Amino acid sequence: MSDRTNHDRVHDTLTALRRDTDGLPLAGSAAARRRGAQRTRRQAVGGVVAASVLLAGAVGVGSQLGGTTKSAPIPPASQVPTTSVATTTPPTPPTQTPTTAPTQTQTRRRPRRRPAGAARGQLAAAHRRHRQDRALLRVP
Amino acid sequence: VRDAESFDAFYAGTNRRLLHQMYAMTSNLSESQDLVQEAYARAWQRWSSISSYDDPEAWVRTVAWRLAASRWRKAKNAVTALARHGPAPDTPEPSIDNVALVTALRQIPEAQRRAIVLHHLVGLSVSEVAAETGAPEGTVKARLSRGRSALAELLADSSLAPEGSHV
């Protein structure tokens, strides 16, 4: 019996709060529906924006990855000076240019056979040019 | 159109009751007003499924409570918003008789306040309160007992205090 009374007392105490809410203006159901529809629209727009951002990110990453695979292979660093210097200095260094190297190595090998006369002078001139070319190649 | 009609009927039949319950749970008139309205808006978003529930009112009440809990966690944002916009207009002051009760309700823990409102005001049984709050029945009983004791002490009303196991 006392349990029931106690329950009623708490119930009555809380029910008294009803008087405060009775005077409270509430928006109608149409306002709630409008608010719900607005939420739905915002969520849809947010979803589209999020999907667009994700898609743009994926495309960006994909293009970066694709770009590296499709681009022409970068030549080795040792060959770059050869091509650039070759345009400015006609005689290319013998050690780094396969096309000119054989002829120069042949001229270098000839002195081992001890050539005489004019051939020796030509060989010395070729050596000078070679040293000059190498000096030019060291210039950054 | 049928959905709108059933929603309007549901709204008309439950909004004052839910507002009262949320006011008792939050002890804040304007906050409970906005929470209830937001919960109804969310109910309308999925009304086709919620309308088939056994108790759509419980769904709205639970959503309103979760929104309240979420807002309490973001209390800092609320203070900032209040400073920026000022208090909500057209919100009547609580009656003088209820000021002490509202003040007392604010001082007890949220979980106890919720259990007391659901059990004593909404009229749910302990097991139903446990189902709605997701807490074990023993926990609900403890919250009810402690909440009533705290309320009785704060209101200096011994009749509210629990007498043994009366849940």
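This is a predicted model, so every value here is computed, not measured. First the proteins, then the strands, lettered A, B, ... as listed; each starts at 1.
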Q | Toward chain A, the part of B:Ile116 with a non-hydrogen atom under 4.5 Å | A | both
(Q) Quick check: under 4.5 Å, non-hydrogen atoms only, which of residues 30-39 of chain A neighbour chain B? (A) A:Ala31, A:Ala32, A:Arg33, A:Arg35, A:Gly36, A:Ala37, A:Arg39
Q. Hey, are A:Arg129 and A:Asp133 close enough for a salt bridge, meaning a charged N less than 4.0 Å from a carboxylate O?
A. no
Q) For B:Ala135, does its backbone N or O pair with a side-chain atom of B:Thr139 as donor and acceptor, under 3.5 Å? A) no
Q.
Before you tell me yes or no, could you show the steps for B:Asp34 and B:Arg71 under salt bridge (Lys or Arg N to Asp or Glu O under 4.0 Å), namely the whole-Å CA-CA distance, both residues' side-chain angles and the distance that decides it to 0.1 Å?
A. CA-CA 11 Å; B:Asp34 192 54; B:Arg71 287 185 187 183; 2.8 Å; yes
Q | Same cluster (ILVMFWY, side-chain, under 4.5 Å), A:Val53 and A:Val45 | A | yes
Q: Answer with side chain, backbone, both or neither: which region of B:Glu38 has an atom nearer than 4.5 Å to a non-hydrogen atom of chain A?
A: both
Q: Before accepting this row, confirm whether a basic side-chain N of the pair B:Glu110/B:Arg114 lies closer than 4.0 Å to the acidic partner's carboxylate O.
A: no
**Q.** Heavy-atom proximity to chain A below 4.5 Å, by part of B:Ala4
**A.** both
Q | Check: B:Met25 main-chain N/O paired with B:Arg113 side-chain donor or acceptor under 3.5 Å | A | yes
Q.
Taking the six-membered ring for Trp, are B:Trp44 and B:Tyr11 closer than 6.0 Å centroid to centroid?
A. no
